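Notes to accompany the following structure.
Note that this is a predicted model, so its numbers are computed, not measured. Chain identifiers are assigned alphabetically (A, B, ...) following the order of the sequence lines, protein sequences preceding nucleic acid strands; residue numbering begins at 1 within each chain.
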2 protein chains.
Amino acid sequence: MYSSELIKGTLKTIVLKLLSDNQKMYGYEITQKVKDLTGDKIQLTEGALYPALHSLEAEGILSTEVVNIGKRVRKYYTLTKKGKSASEEKVSEFADFMNTMKFLLDIKPQVG
Amino acid sequence: MYSSELIKGTLKTIVLKLLSDNQKMYGYEITQKVKDLTGDKIQLTEGALYPALHSLEAEGILSTEVVNIGKRVRKYYTLTKKGKSASEEKVSEFADFMNTMKFLLDIKPQVG
DNA sequence: TTATATGCATAATACTCTTATGTATTAGTA
DNA sequence: TACTAATACATAAGAGTATTATGCATATAA
């Protein structure tokens, strides 16, 4: 696990990317997918994830579909058209940011 | 400029890395260095920077030295011994995190 | 039958950043 | 000379987001 502050601000980017690759996912599934894909290095908590999903839905970036699985309920999230471009923007912005950070953290000793 | 949420959580890492490369720096200098090195893409605000510097000092990661420049005051920050290892840890943790994120954001479409 | 996993959700708290403000010196410009 | 911008510190109110704790309910494995 990374220190929590590192992961701050990346939650929505991760969610949007996963949804752009998987068409439709539900909350619990997202937490498990991230856990699996990162070898437990990133574990999304429900207290962070659900409010984020709700706010993305309120922004019109995600749409929802409730499905009954036996007596249990699943709420699937899908990217809207707006969400698809939002996802691409977020991911490319993060890629750009990573390049900037890589440069910043690799810079060699300088005489100030 | 990146959206603010992207940069969240990276402030201390950036500060520690700059200090490991430049031995001693003062707050304003740090903001300018980051601005220059990133081509204005990252601009640290004072309201974020100074509290962070103070908390790093309180943790024993930074030590300070006040210097008078004419009638103006500069507060130089230096990494302590503890700070040097903290800096290395932070930077390598971030490098690891970037690898994880790169993988996560590059993954190809999957059949869920 | 009891713990764990699945699946949703919210509330109190803590933390960090933004925005605004404050003080003061120095340098450049109209 | 007066005004603005830059230098240099700092804090405080508010906003936003994550942590931690809690709650409800079903399904499965020990």
Seminar exercise, completed: Ranking B:Gln32 and B:Tyr77 by the position along DNA chain D of their nearest nucleotide, the one closer to 5' is B:Gln32

Exercise. Whole Å only: how far is the CG atom of B:Asp36 from the P atom of D:dA6?
Worked result: 13 Å

Exercise. Are the side chain of A:Ser20 and the backbone N or O of A:Lys17 linked by a donor-acceptor pair below 3.5 Å?
Worked result: yes

Exercise. Roughly how many Å is it from OH in A:Tyr50 to C1' in C:dC8, rounded to a whole number?
Worked result: 5 Å

Exercise. How about B:Lys35 and B:Gln32: do any of their side-chain heavy atoms sit closer than 4.5 Å?
Worked result: yes

Problem set entry | Side chain of B:Tyr26 - closest among D:dA8, D:dA18, C:dG7 | D:dA8

For this session: Classify the nucleic acid contact of B:Glu46 as base, sugar-phosphate or nothing, counting any heavy atom under 4.0 Å across all strands shown.
Result: base

Exercise. Reckon A:Ile7 touches a base, only the sugar-phosphate, or nothing at all at heavy-atom distances under 4.0 Å?
Worked result: nothing

Problem set entry | Residue closer to the 5' end of DNA chain C, A:Val73 versus B:Ala52 (nearest nucleotide) | A:Val73

Exercise. Please give, in whole Å, the distance from C:dA5 P to A:Arg74 CZ?
Worked result: 17 Å

Problem set entry | Rounded distance (Å) that lies between atom P of C:dG7 and atom CG of A:Leu53 | 15 Å

Problem set entry | Options D:dC9, C:dA5, D:dA18, nucleotide nearest the side-chain atoms of A:Tyr28 | C:dA5

Exercise. From the list C:dC17, D:dA8, D:dA18, which nucleotide is the closest neighbour of the side chain of B:Ala48?
Worked result: C:dC17

Problem set entry | Close side-chain approach of A:Ile14 and A:Ile30, heavy atoms under 4.5 Å | no

Exercise. Looking at A:His54, does any N or O in its side chain come under 4.0 Å of the phosphate oxygens OP1/OP2 on C:dC8?
Worked result: no

Exercise. Just how far is it from atom CD of A:Glu46 to atom CG of A:Leu49, taken to the nearest 0.5 Å?
Worked result: 8.0 Å

Exercise. Under 4.0 Å between a side-chain N/O of B:Lys75 and OP1 or OP2 of D:dA10, yes or no?
Worked result: yes

Problem set entry | Distance, rounded to the nearest Å, where A:Lys71 contributes NZ and D:dA27 contributes C1' | 11 Å

Exercise. Rounding to a whole Å, what distance do you find between A:Ile30:CD1 and C:dA9:P?
Worked result: 11 Å

For this session: Using a heavy-atom cut-off of under 4.0 Å over every strand shown, decide if A:Ile69 touches base, sugar-phosphate, or nothing.
Result: nothing

For this session: Remember a base hit wins even if backbone is also touched, and classify A:Gly27 as base, sugar-phosphate or nothing at under 4.0 Å, heavy atoms.
Result: sugar-phosphate

Exercise. So which one's nearest nucleotide on DNA chain D is more toward 5', A:Gly9 or A:Gly70?
Worked result: A:Gly9

For this session: Give a yes/no answer on whether the side chain of A:Thr45 brings an N or O atom under 4.0 Å of OP1 or OP2 in D:dT19.
Result: yes

For this session: Going by the salt bridge (charged side-chain N to carboxylate O under 4.0 Å, His left out) test, name the single residue among B:Arg74, B:Lys75, B:Lys24 that passes it with B:Glu65.
Result: B:Lys24

For this session: Please name the residue in the list B:Lys90, B:Lys12, B:Lys8 that meets the salt bridge (charged side-chain N to carboxylate O under 4.0 Å, His left out) test with A:Glu5.
Result: B:Lys90

Problem set entry | Proximity to the side chain of A:Arg72 - top-ranked nucleotide from C:dT26, D:dT26, D:dC9 | D:dT26

Problem set entry | Whole-Å distance separating the CG atom of B:Leu6 from the P atom of C:dT18 | 12 Å

Problem set entry | Spacing between B:Met25 atom CE and D:dT7 atom C1', to the nearest angstrom | 15 Å

